[in-house]
Colleague: 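This structure is in structure tokens; I'll ask about it shortly.
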Amino acid sequence: MGFKNTADVIIVGSGLAGVYTALNIDSRLNVKILSKGEMSENNSSLAQGGIAASLETDDLDDHIRDTLKAGSNVNNIDKLRIMVYEAKENIDRLLEFGVPFDRDSYGRLTTTLEGGHSRARILHAGGDATGKEIMQALYKEAVNRDNIEILENTMAVDVIKKDNKCVGVRIIKDNELIDIFSKAVVIATGGIGALYKNSTNSPLATGDGIAMAYRAGCILDNMEFIQFHPTALYSRDEGKKFLISEAVRGEGAYLRNKFGERFMLKIHPNAELAPRDVVAQSIYNELVKTDSEFVYLDITHKDRDFLVKRFPTIFNKCLEYGLDMSKDLIPVVPVEHYFIGGIKVNDDGMTNIENLYACGECTNTGVHGANRLASNSLLECVVFGRRIANSINNNIENIPLTILDRDDIQIEEADESFFKPIRDKIKYTMDKHVGIVRTTSGLLKAREIIDDIYEMLKNKYIYNREYIEVLNMTIVSKNIIEGCIKREKSLGCHYRIN
């Protein structure tokens, strides 16, 4: 009989969705947060721009309208209304937890404009370090809570089920396979950036929670919608790319092609502040048309002191590349940024499996439609994270703790040299055929390649991190490709040219 461990609630993931949910769970309940890497290694910490929130009642309907427009009007209107209308109470909660949102000289919260927004409603912290500032405040709060235990360098492998109810999670920790049993589980594992050669995401974002949920029988939805951020700092190195926040365009930056022309003026009435799908697709077309590897972001018409204060992180990163934002044009290129599809959940974040919830980027609440409006992602995390916590708080008394025996399973040694080429093949395939622009022939080719990888992997089921990550990448890629093939017409950030 294997090692047993128990909790009231297990939260898989240590980004904003996971930690904020934990902080809203009743302090009498024992909560375990599982972090695949160190606590600081998550996409929430990388978020620069901010968190969109209508703090004035006269802006609520405008925020809904802007989100619908960006999402091609296929958003789930009920969930969108929940997200927008419950924004203020969650911002107040973040302030209670000590999040230092930027304020003006009168102490009022300052807001900025981003693409697709009809007014300035983006709260930010540390200028362009919003995610980092939010997460530092929440980590501090979580560490001081007696009922919250954080397990770092702990990889969740599978949901444990009995009679179609979730009863716990199987994990790998310190090279040991452990089953932890709980009354409720929340999957909050973030995005899928590691499926692509270039992404703004942490390399840990291999889609684990989505694959886990799929194996457990959860419904996945809208898998074809992947947002490519228009402006990542161009570099020849593959891997994680540095994001140049949309807020730079919000503060007046122009996009120019290699001839110095502002090409967005001819494409959309909002020019550089068009929704992200429009800007990313326009840059892609411009690169093809002008035979270029990048376009330029130009904010040289703004005062240097303003730029240093407003964008300290970006300014310093550009300096590392020998670029002074106040004098030099910044070479940028679109890269994979945010996953809109994912695990289907109801208004309270529950999946179709009892006692299994999901929150944040790994879910498809439907609020984003076919393309996410800038800075709505952090808002989605907190609004639905709190709703999940409330659902757990209200129902946990009626859920028994189920502990199952399991056969003794050993962790097998992984041969990294075997898995790396497979991982690279997935990244190359997704980049080439399932990127900003998709074709029928490319998608069919991608399906063939990924299906072959899946056939090779599926019957092995080896309990080690290398294998599980590659299997997860394959399962998620397979579902994305199927979604792309089924949706024959372009919509939002799913852009088909034939």
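Along the sequence shown, residues carry numbers from 1.
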Colleague: Is it true that N147 and N30 share a donor-acceptor pair across their side chains at a distance under 3.5 Å?
Modeller: no
Colleague: So for atom OH, which belongs to Y85, do other residues, nucleotides or ligands contribute more than 12 heavy atoms lying within a distance under 6.0 Å?
Modeller: yes
Colleague: Can you tell if the side chain of I388 reaches within under 4.5 Å of the side chain of M350, non-hydrogen atoms only?
Modeller: no
Colleague: As a quick check of understanding, evaluate salt bridge (Lys or Arg N to Asp or Glu O under 4.0 Å) for R170 and D158, giving each step before the final call.
Modeller: CA-CA 5 Å; R170 180 162 291 170; D158 274 313; 5.9 Å; no
Colleague: So, do V437 and Q281 sit near enough that their side-chain heavy atoms are less than 4.5 Å apart?
Modeller: no
Colleague: Checking the side chain of D104 only, and the main-chain atoms of G107 only, is there a donor and an acceptor separated by less than 3.5 Å?
Modeller: yes
Colleague: Are more than 12 heavy atoms, taken from residues, nucleotides or ligands other than Y428, located less than 6.0 Å from that residue's OH atom?
Modeller: no
Colleague: Heavy atoms only: give me the nearest A52-A374 pair and the separation to one decimal.
Modeller: CB-O, 4.1 Å
Colleague: How long is the gap from OG1 on T206 to CZ on R465, to the nearest 0.5 Å?
Modeller: 7.5 Å
Colleague: Rounded to the nearest 0.5 Å, how far apart are SG of C493 and CD1 of I226?
Modeller: 7.5 Å
Colleague: Under a 3.5 Å cutoff, is there a donor and acceptor pairing between the side chains of E114 and S375?
Modeller: yes
Colleague: Distance check, rounded to the nearest 0.5 Å: I25 atom CD1 versus N390 atom CG?
Modeller: 10.0 Å
Colleague: What do the steps show when you test S118 against D66 for side chain to side chain donor-acceptor pair (under 3.5 Å), and what is the final call?
Modeller: CA-CA 7 Å; S118 57; D66 291 346; 2.8 Å; yes
Colleague: Check ring-ring contact (aromatic ring centres under 6.0 Å, His included) between Y234 and all other residues, then give those that pass, not counting sequence neighbours.
Modeller: F294
Colleague: Are T351 and Y357 close enough that a side-chain donor and a side-chain acceptor fall under 3.5 Å?
Modeller: no
Colleague: So that I know where these two stand, are Y254 and H301 an aromatic pair - ring centroids less than 6.0 Å apart?
Modeller: yes
Colleague: Identify the heavy atoms of G15 and M135 that sit nearest to each other, and give their distance.
Modeller: C-CE, 3.4 Å
Colleague: Decide yes or no on side chain to side chain contact (heavy atoms under 4.5 Å, CB included) for E246 and T231, but give the supporting numbers first.
Modeller: CA-CA 8 Å; E246 185 134 340; T231 55; over 6 Å; no
Colleague: To the nearest 0.5 Å, what is the distance between CG (L323) and CG (L297)?
Modeller: 11.0 Å
Colleague: Is the closest basic N to carboxylate O distance between R119 and D58 below 4.0 Å?
Modeller: yes
Colleague: Just so I know, are the side chains of N376 and H63 near enough to count as touching, which here means a heavy-atom distance under 4.5 Å?
Modeller: yes
Colleague: Given the rule in the side chain to side chain donor-acceptor pair (under 3.5 Å) test, do N76 and R81 qualify, once you have shown the distances and angles that lead to the verdict?
Modeller: CA-CA 9 Å; N76 180 312; R81 202 168 270 121; over 6 Å; no
Colleague: Once rounded to the nearest 0.5 Å, what's the spacing between atom CD of E149 and atom CD1 of I33?
Modeller: 10.0 Å
Colleague: Apply the test salt bridge (Lys or Arg N to Asp or Glu O under 4.0 Å) to residues R93 and E89: give CA-CA distance (whole Å), side-chain angles for both, the deciding distance (0.1 Å), then the verdict.
Modeller: CA-CA 6 Å; R93 197 98 173 106; E89 66 191 71; over 6 Å; no
Colleague: Does a side chain donor of either R387 or N90 reach within less than 3.5 Å of an acceptor in the other side chain?
Modeller: no
Colleague: Any heavy-atom pair between the side chains of V9 and K32 that's under 4.5 Å?
Modeller: no
Colleague: Identify whether the distance between the nearest side-chain nitrogen and carboxylate oxygen of R304 and D324 falls below 4.0 Å.
Modeller: yes
Colleague: With a 3.5 Å cut-off and no angle check, do the side chains of S391 and D348 form a donor-acceptor pair?
Modeller: no
Colleague: Is there a side-chain contact between K140 and F97, using heavy atoms and a 4.5 Å cut-off?
Modeller: no
Colleague: Kindly determine whether K309 and D305 satisfy salt bridge (Lys or Arg N to Asp or Glu O under 4.0 Å), including the steps that lead there.
Modeller: CA-CA 6 Å; K309 185 165 185 266; D305 290 345; over 6 Å; no
Colleague: Taking all non-hydrogen atoms of both residues into account, name the closest pair between A53 and L123 and its distance.
Modeller: CB-CD1, 4.3 Å
Colleague: If you measure from the Lys or Arg side-chain nitrogens to the Asp or Glu carboxylate oxygens, is any gap between E293 and R236 under 4.0 Å?
Modeller: yes
Colleague: Please determine which of H337, H229, K427, E336 meets the side-chain hydrogen bond (donor to acceptor under 3.5 Å, both in side chains) test together with S199.
Modeller: E336
Colleague: Nearest heavy-atom pair of A253 and E272: which atoms, and what distance?
Modeller: O-CG, 3.7 Å
Colleague: Taking all non-hydrogen atoms of both residues into account, name the closest pair between L113 and H117 and its distance.
Modeller: CD1-O, 3.3 Å
Colleague: Considering non-hydrogen atoms only, spot the tightest contact between A232 and V335 and give its length.
Modeller: CB-CG2, 3.6 Å
Colleague: Charged N to carboxylate O under 4.0 angstrom, D92 versus K88?
Modeller: yes
Colleague: Examine distances only and state if a side-chain atom of S54 and a backbone atom of E56 form a donor-acceptor pair shorter than 3.5 Å.
Modeller: no
Colleague: Are more than 12 heavy atoms from other residues, nucleotides or ligands located less than 6.0 Å from atom CG of D146?
Modeller: no
Colleague: NZ of K173: more than 12 outside heavy atoms within 6.0 angstrom?
Modeller: yes
Colleague: For T112 and E251, what are the C-alpha separation, side-chain angles and deciding distance, and is it a side chain to side chain donor-acceptor pair (under 3.5 Å)?
Modeller: CA-CA 8 Å; T112 190; E251 297 289 358; 3.2 Å; yes
Colleague: At what distance, to the nearest 0.5 angstrom, does OG of S72 lie from CG of N371?
Modeller: 6.5 Å
Colleague: Using the side chain to side chain contact (heavy atoms under 4.5 Å, CB included) rule, take Y20 and I134 through it: C-alpha gap first, then chi angles, then the decisive distance, then the call.
Modeller: CA-CA 10 Å; Y20 186 78; I134 291 175; over 6 Å; no
Colleague: Taking ring-ring contact (aromatic ring centres under 6.0 Å, His included) as the test, write out the residues that go with H494, two or more places apart.
Modeller: none
Colleague: Within 45° of the ring axis of Y338 and under 6.0 Å from its six-membered ring centre, is that where the NZ or CZ of R372 lies?
Modeller: yes
Colleague: Test side chain to side chain donor-acceptor pair (under 3.5 Å) on D277 and Q227; report intermediate values, then the result.
Modeller: CA-CA 7 Å; D277 57 341; Q227 186 174 81; over 6 Å; no
Colleague: Report the C-alpha separation of H368 and L80 in whole Å, then their side-chain angles, then the decisive distance to 0.1 Å, and conclude whether the side chain to side chain contact (heavy atoms under 4.5 Å, CB included) test is met.
Modeller: CA-CA 8 Å; H368 305 304; L80 174 54; over 6 Å; no
Colleague: Answer whether the closest heavy-atom distance between the side chains of V332 and Y296 falls below 4.5 Å.
Modeller: no
Colleague: If we only count heavy atoms from C-beta on, is the I187 to D208 side-chain gap below 4.5 Å?
Modeller: no
Colleague: Any luck finding a side-chain donor-acceptor pair between K241 and N198 under 3.5 Å?
Modeller: yes
Colleague: Within a strict 4.5 Å, meaning less than it, do heavy atoms of the I51 and L94 side chains meet?
Modeller: yes
Colleague: Looking at K36 and E469, is any side-chain nitrogen of the basic one under 4.0 Å from a carboxylate oxygen of the acidic one?
Modeller: yes
Colleague: Could you go through L34 and E152, starting from their C-alpha distance and side-chain angles, then the distance that decides it, and tell me whether this counts as side chain to side chain contact (heavy atoms under 4.5 Å, CB included)?
Modeller: CA-CA 6 Å; L34 314 182; E152 293 188 300; over 6 Å; no
